[in-house]
Amino acid sequence: MKILHVTDTHIVPEGETLHALDPAERLEAVLSHARGHHADADLMVLTGDLTDRGDAASYARLKRMLGDLPFPVRLLLGNHDNRESFCAAFPDEPRDDGGFVQSLMEIPGTDDRLLFLDTNQTGLNGGRFCETRRDWLRRTLAAAADSPVTVFLHHPPVDHVMAHFDNIGLTDRQALMEILRAHPGGIRHIFFGHIHIPLTGTLAGGIGYTAGRGPAHQFRQDFGNPAPDWIVGRPNYAVILLEPESVSCYGVDTIEAELAATTTPCAGP
Ligand SMILES: [Fe+2]
């Protein structure tokens, strides 16, 4: 299965910019590249901060941009999003019985499941995974029996060294991870956004995780600085290959890159 991971798109209304950039123009670079190179993808997942202010105009703009893609799209919420405005713009996006934008997706022909979680909490920059959401997750994973699960969410459920995020992390990450670790089918990988830098790692017990940077503004990798600069970088996304024996993630960060030299096929050996 091929999944395209895009995060932190931070769309603003038409005519506006954000940190001197046009987030829609940068997302369009990603979508154009994905159409041209990965039209065979099975799914595109956007892991939150879909819009910068959670306003209706920005969601409407995002909806127009995603309207003609050759693969289905799954949308998650980040701290910059507004659940009410989002649900008004995307009424068909799956929600749980408590109204949270989270769901479990079956993959036809396999035992694998994709788990999409909602860590948005109105009024907070940090994330929450409250008891109501945890209850849904316990019930959902119990019903998934022994199926291996790949997780997508906005806030990192893992520790990292970016000081800027010390006070805006996922408050309930330990409780969330306890539930995930207890899943009999195992967690194959966890994909998230929020930190606007590339990060990959492995937790004790072997659960791997990967953060996307996102096509919009990105952080300078100044780990201990609580106020690192925003930088331009290049619009980027990731191609996830979810195979029976492996999960691999290719960062596509070459969009709009300047040419250094052309190459020819290597004859080997
Ligand atoms: Fe963000």
Side-chain angles (χ1 to χ4, degrees), residues 3-38 41 44-69 71 73-90 93 101 118-120 124-125 127 152-156 162 164-165 168 191-199 210-221 227-239 251-257:
I3 303 169
L4 308 181
H5 181 205
V6 185
T7 194
D8 291 84
T9 46
H10 285 267
I11 296 299
V12 294
E14 219 147 329
E16 296 187 21
T17 58
L18 180 65
H19 306 308
L21 300 174
D22 181 348
E25 182 181 286
R26 293 170 68 87
L27 174 58
E28 187 48 49
V30 162
L31 298 179
S32 174
H33 192 274
R35 281 190 202 95
H37 294 81
H38 300 291
M44 174 178 274
V45 182
L46 276 66
T47 48
D49 283 1
L50 304 170
T51 66
D52 195 61
R53 299 196 301 268
D55 58 294
S58 297
Y59 285 119
R61 190 179 192 191
L62 178 65
K63 190 170 188 173
R64 286 195 298 275
M65 295 182 72
L66 300 176
D68 65 343
L69 294 173
F71 34 71
V73 179
R74 183 60 62 102
L75 303 172
L76 304 183
L77 299 184
N79 48 294
H80 280 258
D81 289 302
N82 178 287
R83 191 175 292 105
E84 194 174 331
S85 302
F86 169 81
C87 291
F90 296 94
E93 204 66 18
V101 183
D118 182 342
T119 56
N120 170 280
L124 291 185
N125 284 320
F152 294 86
L153 76 172
H154 180 73
H155 292 85
M162 286 287 286
H164 177 80
F165 294 92
I168 58 170
F191 294 95
F192 51 84
H194 192 49
I195 56 177
H196 293 237
I197 65 165
L199 166 68
T210 301
R213 259 176 302 176
H217 49 289
Q218 298 158 22
F219 264 127
R220 194 182 298 286
Q221 285 146 313
D229 295 333
W230 291 117
I231 57 171
V232 176
R234 293 194 181 99
N236 69 84
Y237 66 112
V239 179
V252 182
D253 57 1
T254 55
I255 299 173
E256 299 175 354

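Note that the numbering runs from 1 along the sequence shown for the chain. Fair warning: this is a prediction, and the values are worked out from it, not measured in the lab.
- The side chain to side chain contact (heavy atoms under 4.5 Å, CB included) search around Leu69 returns Leu31, Arg35, Met44, Leu66, Phe71, Val73, not counting sequence neighbours.
- Counting non-hydrogen atoms of neighbouring residues, nucleotides and ligands closer than 6.0 angstrom, the CD atom of Glu84 reaches no more than 12 such neighbours.
- Rounding to the nearest 0.5 Å places CZ of Phe192 at 5.0 Å from CG of Leu199.
- Scanning for side chain to side chain contact (heavy atoms under 4.5 Å, CB included) contacts around His37 gives His33, with sequence neighbours left out.
- The shortest side-chain heavy-atom distance between Asp52 and Pro23 does not fall under the 4.5 Å cut-off.
- Looking at residues two or more places apart in sequence or on another chain, you find no side chain to side chain donor-acceptor pair (under 3.5 Å) involving Glu256.
- By the side chain to side chain donor-acceptor pair (under 3.5 Å) test, Asn79 is found to be paired with His154, His194, residues two or more places apart in sequence or in another chain being considered.
- In terms of the salt bridge (charged side-chain N to carboxylate O under 4.0 Å, His left out) criterion, Asp22 has no residue partners (sequence neighbours excluded).
- To the nearest 0.5 Å, atom CH2 of residue Trp230 and atom CZ of residue Phe219 are 3.5 Å apart.
- Between Val30 and Leu4 there is no side-chain heavy-atom pair separated by less than 4.5 Å.
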Phe86 vs Thr51, side-chain contact (heavy atoms from CB on, under 4.5 Å): CA-CA, chis, key distance, verdict: CA-CA 9 Å; Phe86 169 81; Thr51 66; over 6 Å; no
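- Looking at residues two or more places apart in sequence or on another chain, you find a side chain to side chain contact (heavy atoms under 4.5 Å, CB included) between Pro13 and Glu16, Arg53, Asp55, Ala57, Ser58.
- A 4.5 Å side-chain heavy-atom check between Ile3 and Val45 finds at least one atom pair inside the cut-off.
- Residues satisfying the side chain to side chain contact (heavy atoms under 4.5 Å, CB included) test with Thr210, not counting sequence neighbours, are His189, Phe191, Thr200, Cys249.
- Remark: Glu93 engages Arg74 in a salt bridge (charged side-chain N to carboxylate O under 4.0 Å, His left out) (not counting sequence neighbours).
- The structure places CG of Asp49 at 6.0 Å from CG of Asp81, a figure rounded to the nearest 0.5 Å.
- Scored by the side chain to side chain donor-acceptor pair (under 3.5 Å) test, His217 finds no partners at all (sequence neighbours excluded).
- A distance-only check finds no donor-acceptor pair linking the side chain of Thr47 to the backbone of Thr7 [under 3.5 Å].
- Not a single side chain to side chain donor-acceptor pair (under 3.5 Å) links Thr9 to another residue, sequence neighbours left out.
- Under the salt bridge (charged side-chain N to carboxylate O under 4.0 Å, His left out) criterion, Arg26 pairs with no residue, sequence neighbours left out.
- For the atom pair CZ of Phe165 and CD1 of Ile197, the computed distance is 7.5 Å after rounding to the nearest 0.5 Å.
- Leu76 contributes atom CG, which lies 7.5 Å from atom CG of Leu50 (distance to the nearest 0.5 angstrom).
- Judged by distance alone, the side chain of Asn120 and the main-chain N or O of Gly78 form a donor-acceptor pair under 3.5 Å.
- A donor-acceptor pair is defined here as one N or O able to donate and one able to accept, closer than 3.5 Å; no such pair exists between the side chain of Tyr59 and the backbone of Ala88.
- No side-chain donor-acceptor contact under 3.5 Å links His10 to the backbone of Pro215.
- In this structure a side-chain-to-backbone donor-acceptor pair under 3.5 Å is missing from Gln218 to Pro198.
- In this structure, the ring of His196 has its center no less than 6.0 angstrom from the ring center of His164.
- The two residues Gly212 and His5 have their closest heavy-atom pair at N-CE1, 4.0 Å.
- Distance check: His80 NE2 to Ile11 CD1 gives 13.0 Å after rounding to the nearest 0.5 Å.
- Asp118 meets the salt bridge (charged side-chain N to carboxylate O under 4.0 Å, His left out) test with Arg83, Arg133; sequence neighbours excluded.
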